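Since we're looking at a predicted model, the values are computed, not measured. In what follows, chains are A, B, ... by sequence order, proteins preceding strands, each numbered from 1.
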Amino acid sequence: MSGFFPRRSTMLATAVAAAGFGAIGFASIGLGAVVVGETRRIDLGAKAAPGIDAVKAQYKRPATIPFPKENPYTPEKAALGKKLYFDTRLSVSMAQSCASCHSPGLGWGDGLAVGVGHGMAKLGRHSPTIVNAAWGAIFMWDGRLATLEEQALGPIQAAGEMNMPLEQLMERLVSIGEYKPLFNAAFPDEGMSIKTLAKAIATYERTVVSERAPFDAWIEGNEKAISEEAKRGFAVFNGKALCSACHEGWNFTNDGFQDIGLPSKDVGRGEFVPGVVKMQHAFKTPGLREIARRSPFMHDGSLATLEAVVEHYDRGGVDRPSRSDLMKPLGLTAQEKSDLVAFMKTLTSNLSPTAVPVLPR
Amino acid sequence: MHKTVLFALVILSGLSAGALAANQVIHQQGRVFSSESVTIKKGEALTFVNDDSIPHNLMSATKGSEFNLGSQAPGMSTDVTFKETGDVQVICAIHPRMKMMVKVTD
Ligand SMILES: [Cu+2]
């Protein structure tokens, strides 16, 4: 994604030009290869709100994990990726692994407000969970990386994080004799390289999937699987509180970028699309699986509890041009707020323990 | 005087014919473009309709064809005219899965 994005035509400019002239207005703006005409309201007709069964059907768990054509699953790859994921020798200090910040013990995050990198220095943003990364459309809070393979290499090289130049890392891995046969088994044609390192880690990460939670049993028809409070909370989530406009589908995200009005200076996605107002202070919508294990919350870790998160949305956040049009004071009752929290707690599965692998020497 | 009025009328009818000669419409319901790829003639417009329940922000970062509709609310429709041949990728800045190609031909 190019960092430079000139804003050639704005809705305001075209609306002014079009005012009073109907269709002629837009013809009068003749600069550039693309000309944006006036925006008008059209009648979409009244759409009936979907019934509860139709809404529930949108949350059904997928049966299989999607792996990309370019990097299909093999057990050898996933096993190698797991060793690399837990290997602290991937950092220059030999003290940090991927798992340091994305730990199975803490909902595959780190339980901190913001991550801690090289030399124990604080990072700018909250360490996101890797749970259900296989379904991600774009990666990092600001969406700067397109694939999980690219993502895997990001923190390893980042000076503030694991601070390990990739060439140096490959030299180090070559010197650890037991890695080479593992790479050769996982990548018979490609062997050991930066590319295969990334593919192995990404393959392992894709196997980290939130397991069945009480919510899933309810979606599949067991009415007793969750409480009445949680069922009411699900209705508020999909209705009055508008949560599902962004936290949609079984993993509770459409990977969209929204400024939700947190009072932080961080422009997030805006760094990559400076000309787009709505992308300033916008961050990628996180999924909500295992959310009760993932505090503190938000891209900056600024909210300690789910109750505080619901309060933030109820108030609507900082009103500024970039704020999502979906953010506004909601007027939730105390009951609706506690129902929402009860609902979110049904997304916690009994994640089975993750065995730390024995690492090559 | 008479000549000017006639001239204006010709332009007007030409333009309104263009506007009425139904542009291809791109829908956005369910956070997806109704077409992954469309082909139009140079100088023609596409009508981008937000018939979804949430705002979208259509734009292009294709060099030379950059545009940005800003936040387009549900129930709004915007015409975009493509004046030069080539492929223009249209995306939604908000939703990374929304991508389509506009092929502009002679
Ligand atoms: Cu969109």
Report yes if the side chains of [X] and [Y] come closer than 4.5 Å at any heavy-atom pair, otherwise no.
X	Y	value
B/Lys83	A/Val34	no
B/Thr47	A/Arg40	yes
A/Asp255	B/His95	no
A/Arg41	B/Met76	yes
B/Ser77	A/Thr39	no

Report which part of [X] has an atom under 4.5 Å of a heavy atom belonging to chain A: side chain, backbone, both, or neither.
X	value
B/Asp51	both
B/Val49	side chain
B/Ser53	neither

Is it true that atom NZ of A/Lys56 has more than 12 heavy atoms of other residues, nucleotides or ligands lying nearer than 6.0 Å?
->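 Atom NZ in A/Lys56 is crowded, with more than 12 foreign heavy atoms closer than 6.0 Å.
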Under 6.0 Å from the NZ atom of B/Lys63, do we count more than 12 heavy atoms belonging to anything else shown?
->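 Incorrect, the count does not exceed 12.
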Of the non-hydrogen atoms in B/Ala93 and A/Phe257, which two are nearest, and what is the gap between them?
->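 Scanning both residues completely, I find the closest heavy atoms to be O-CD1, 3.9 Å.
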Contact summary for B/Arg31 and A/Ser244, nearest pair of heavy atoms |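 For B/Arg31 versus A/Ser244, the nearest heavy atoms are NH2-O, 4.2 Å.
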Let me know if [X] has heavy atoms under 4.5 Å from chain B in its side chain, its backbone, both or neither.
X	value
A/Ser322	neither
A/Ile138	side chain
A/Ala282	neither

Look at A/Gly256, A/Cys246, A/Gly143 and state which one has the largest set of heavy-atom pairs under 4.5 Å with chain B.
->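 Option with the top pair count is A/Gly256.
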Rounded to the nearest 0.5 Å, what separates atom [atom1] in [X] from atom [atom2] in [Y]?
X	Y	atom1	atom2	answer
B/Cys92	A/Lys278	SG	NZ	12.5 Å
A/Asp325	B/His56	CG	NE2	12.0 Å
B/Met98	A/Asn254	CE	CG	10.0 Å

Between B/Ile94, B/Val80, B/Asn50, B/Ile54, which shows the greatest number of heavy-atom pairs under 4.5 Å with chain A?
->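 Answer, by heavy-atom pair count under 4.5 Å with chain A: B/Ile94.
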